[in-house]
Amino acid sequence: MDTFYLVIVAVLCLLAVFDLVVGVSNDAVNFLNSAIGAKVAKFRTIVIIAAIGVFAGAAMSNGMMDVARHGIMTPQYFSFYDVMCVFVAVMVTDVVMLDIFNTMGMPTSTTVSMVFELLGGAFAIALLQIGAGATDVDGTLLSLGDLLNTEKAISVILSIFLSVAVAFVLGTFVQWVARLIFSFTYRLNGHTTDSTGKMENHITSSLKIGIFSGLSVTIIIWFLLIKGLKGSTLMTPELKSFVNDNTWLILGVGAACFSVIMTLLSLFKRQVLKFVVLLGTFALAMAFAGNDLVNFVGVPLTGLEAYQDYMANGNGDAQGFMMSSLMDSAHTPTIFLVGAGVIMVLSLVFSKKAQNVVKTSVDLSRQDEGDEMFGSSAVARTLVRSSRKISSNIVAVLPKGVTSWIDSRFNADNAILAEGAAFDQIRAAVNLVLASALVALGTSLKLPLSTTYVTFMVAMGTSLADRAWSRESAVFRITGVLSVIGGWFITAGVAFTMCYLITNLMHFGSFIAIGLTIMLALFILIRSNSKNAKKKEENTDSIFSEIIRSNDKSLNWILLKKYVNTSASEVVSFSRDCYKTVTDAFFYEEYRPLRHATGDIESERKQLKRNRRKQIIALRRINPVLAVERGTWYFLQHTSLVQMLYCLKRMNDPCREHMGNNFTPVDNAYASEFFEYRDEIVSLLDRATDLTNESLRDDATAIQARLSDYRKKIIEDIHTKTVNIESMTVYLNLIQESQELLSSLRHVIRGIHRFEE
């Protein structure tokens with residue numbers, strides 16, 4: 001039996017490795033989004049700097065795992081068996097839940113998930129003990145307050161509200177002020193970000209950037225002292241006391257010294273803003289590793305210590321040996337911290353899911369228009385309307401001169417962003433500095449602000465202040481932000497509930513339930529990562545990105561023709577595959593492909609809608625006269641593509657209903673006749689991926705004519721022969737929609753030809 005507990009501890013350590021991987025993938029957004037969004041350096045350079053910060057933070061952490069040990073539960077009242085049930089349930093829930101969030105590309109808080117998982121598991125055991133009449137050593141009945149420490153959970157709940165509201169409001173205000181000072185066109189490193197070549201005085205610009213950078217570096221270093229090195233071996237009690245007692249002196253001297261240094265560097269045309277952003281990236285990465293390490297390895301290492309205590313003093317009584325030893329603080333061996341640091345660095349470098357989570361944050365805060373990851377919601381639409389009314393009322397009472405000057409500071413039309421950048425270095429610096437300041441302030445005031453919540457909401461606030469949320473994109477961006485925030489609140493509830501249920505299952509199911517749960521978790525993880533590896537690389541829309549970056553209208557026209565043609569060819573290719581799938585499934589009586597086709601058609605329709613929005617944005621970046629002239633043909637081909645998808649839907653739905661009801665299939669003789677036409681249509685659609693071939697229109701017309709004659713024959717058979725009415729009605733619908741599919745294809749080819757000529 002003791003061997004089984006050893007196996008459980010080994011599995012906990014294995015799950016800790018998975019947890020480190022998925023945890024880093026989730027929290028990478030905290031320290032990567034600003035540097036990547038502003039393109040201050042190559043992706044490899046940014047990751048290397050962040051990796052150094054992660055490793056340093058992990059290696060220098062003192063490894064105090066008090067939250068996992070006695071931060072939520074009171075272990076002196078929990079047996080070794082109870083503790084192991086809670087710990088296994090926590091790790092299984094944490095790994096699976098974080099992996100799901102990462103796969104969806106949604107950032108969440110590892111601190112919130114761990115605390116509520118511990119709370120859910122401990123709550124399950126506490127209820128069981130109270131129900132069994134558990135007592136203290138003096139015979140007093142134990143209450144829920146004796147068994148659980150609810151203060152930590154309450155503080156985390158409060159931190160959610162504080163992080164979301166404060167970070168967003170301050171992010172909006174600080175970035176608004178920063179933009180008034182710098183505008184979008186400022187002098188940087190001796191060059192200008194103004195496409196017209198306009199530059200302000202070199203000394204004035206250097207002084208502004210120097211003071212801004214000096215204050216930024218001071219705040220980031222303060223953040224490192226307060227948060228990044230808080231739990232490290234370098235932060236002795238004496239040094240901690242000195243920092244706390246002389247906070248304003250450190251900030252004042254630091255601001256003065258660094259402002260002078262940064263101003264001088266700026267005068268010599270050095271890239272001080274890039275330094276600020278990279279330093280902030282390092283600081284946040286280090287703080288993340290040093291302080292959030294407990295979220296990933298705290299439970300497994302506590303489980304290991306519990307096992308060692310049990311083996312030394314438990315006498316084989318797992319259900320009677322109480323874990324009083326966990327009331328003491330832990331001192332984790334350095335080898336474990338270094339090993340965790342190595343795993344975290346490797347995860348950061350190689351994790352595709354980390355890049356996916358970062359992409360969500362960067363896309364929601366980017367300056368230019370483009371593909372929106374989220375749709376529109378009723379709440380977002382209401383917020384946009386209300387905000388516009390409030391904004392209009394404020395503008396109405398301000399002098400016109402003031403509003404005109406403010407508008408000029410926020411005019412991004414002439415601004416030049418680095419190639420591939422979502423926003424400029426000013427906003428990137430504000431993101432990092434403000435996030436660092438808020439987290440450090442919260443730490444010094446003993447307010448447990450979530451790093452994830454702060455960094456994300458600051459980024460959203462600064463993007464709002466920069467007017468990155470235009471009328472065309474605001475409703476989608478707000479929907480995205482609300483979706484992410486909703487995910488944060490769901491995290492706590494799901495973590496608590498899942499861990500509560502799994503703990504109960506393990507407690508009553510004993511070793512069999514523990515083993516099955518562990519195997520199920522490993523299976524889910526392996527399957528998830530396997531599917532992610534096999535998943536096709538998403539279309540990055542490199543052509544669209546190139547159009548957005550280019551100011552050459554002639555080049556944009558060439559790129560747009562290629563973009564529209566490629567997008568249409570993809571829809572035609574999808575139509576070919578889906579048409580073949582639906583018809584095969586109907587005649588061979590396979591229900592599952594028809595069910596899958598329903599979702600595939602809807603997904604393709606939504607993708608086509610997103611493509612239309614991007615293509616219309618691209619049309620604005622070509623010659624206006626040409627855009628109007630060719631716009632009619634663009635909308636013709638797009639509408640025809642939409643009709644092709646609706647044809648597939650009108651085919652699939654009756655077929656699916658027919659198959660779902662297990663009605664009589666179409667006679668084999670009719671099926672054979674149809675397959676002759678079907679194969680011709682599939683072959684035509686296959687050739688039609690080259691939409692420049694106008695001869696395909698004649699071929700489509702010929703097949704249409706033959707299908708029309710065949711349709712008349714089927715109608716005659718329905719009236720004159722003894723055939724199954726239900727199956728023949730669906731069959732007739734297939735023929736009619738096949739004709740419509742060909743008709744829409746002809747319009748697509750014509751529209752593309754006239755659009756490109």
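- Here the side chains of T462 and W176 are not in contact, with every heavy-atom distance at 4.5 Å or above.
- Not a single donor-acceptor pair under 3.5 Å links the side chain of S266 to the backbone N or O of G210.
- Donor-acceptor pairing under 3.5 Å is recorded for the side chains of Q615 and Y634.
- Note that CD1 of I426 and CD1 of I209 are 6.0 Å apart. Values are rounded to the nearest 0.5 Å.
- Residues F275 and L265 are not in side-chain contact: their nearest non-hydrogen atoms beyond the backbone lie 4.5 Å or more apart.
- Stacking of R467 on the aromatic ring of F410 is recorded, both the 6.0 Å distance cut-off and the 45° axial limit being met.
- Using a 4.5 Å cut-off on side-chain heavy atoms (C-beta onward), T632 and L636 make no contact.
- Between D552 and R621 there is no salt bridge, since no side-chain nitrogen of the basic residue lies less than 4.0 Å from a carboxylate oxygen of the acidic one.
- Taking each heavy atom of S34 and N431 in turn, the nearest pair found is OG-CB, 3.1 Å.
- Between L608 and V571 there is a side-chain heavy-atom pair separated by less than 4.5 Å.
- The main-chain N or O of A255 is found under 3.5 Å from a side-chain atom of T218 such that the two form a donor-acceptor pair.
- For CZ of R605, the number of neighbouring non-hydrogen atoms (other residues, nucleotides, ligands) closer than 6.0 Å is greater than 12.
- Atom CG of L180 sits in a crowded spot, with more than 12 heavy atoms from other residues, nucleotides or ligands closer than 6.0 Å.
- Applying the side-chain hydrogen bond (donor to acceptor under 3.5 Å, both in side chains) criterion to Q271, with sequence neighbours excluded, gives K274.
- When side chains are defined from C-beta on, F755 counts as touching L560, because their heavy atoms get closer than 4.5 Å.
- Of the possible polar contacts, none joining the T45 side chain to the A41 backbone as a donor-acceptor pair under 3.5 Å is found.
- More than 12 heavy atoms of other residues, nucleotides or ligands sit less than 6.0 Å from atom NZ of K553.
- For the pair K208 and F182, the cation sits on the ring face: its NZ or CZ lies under 6.0 Å from the ring centre, inside 45° of the axis.
- Under the 4.5 Å side-chain criterion, counting only non-hydrogen atoms from C-beta, Y186 is not in contact with I181.
- The main-chain N or O of M460 is found under 3.5 Å from a side-chain atom of S463 such that the two form a donor-acceptor pair.
- Side chain of S404 to backbone of K400: a donor-acceptor contact under 3.5 angstrom is found.
- Contact annotation: the side chain of V217 approaches that of L279 to within less than 4.5 Å [non-hydrogen atoms, C-beta and beyond].
- Judged by distance alone, the side chain of S205 and the main-chain N or O of H202 form a donor-acceptor pair under 3.5 Å.
- A heavy-atom distance below 4.5 Å is not found between the side chains of F282 and I220.
- Closest approach of I211 to T263, counting heavy atoms only: N-OG1, 3.9 Å.
- At least one cation-pi condition fails for R409 and F184: the charged atom is not both under 6.0 angstrom from the six-membered ring centre and inside a 45 degree cone around its axis.
- By the neighbour-count criterion of 12 heavy atoms within 6.0 Å, atom NE2 of H191 is sparsely surrounded, having that number or fewer from other residues, nucleotides or ligands.
- Residue A50 comes nearest to A285 through the heavy atom pair O-CB, 3.4 Å, listed as atom of the first residue, atom of the second, then distance.
- Of the possible donor and acceptor atoms, none in the side chain of N565 sits under 3.5 Å from a partner among the backbone N and O of K561.
- The two atoms that bring T204 and N201 nearest to each other are N-OD1, 3.2 Å, heavy atoms only.
- Judged purely by atom type and a 3.5 angstrom limit, Q175 has no side-chain atom pairing as donor or acceptor with the backbone of T172.
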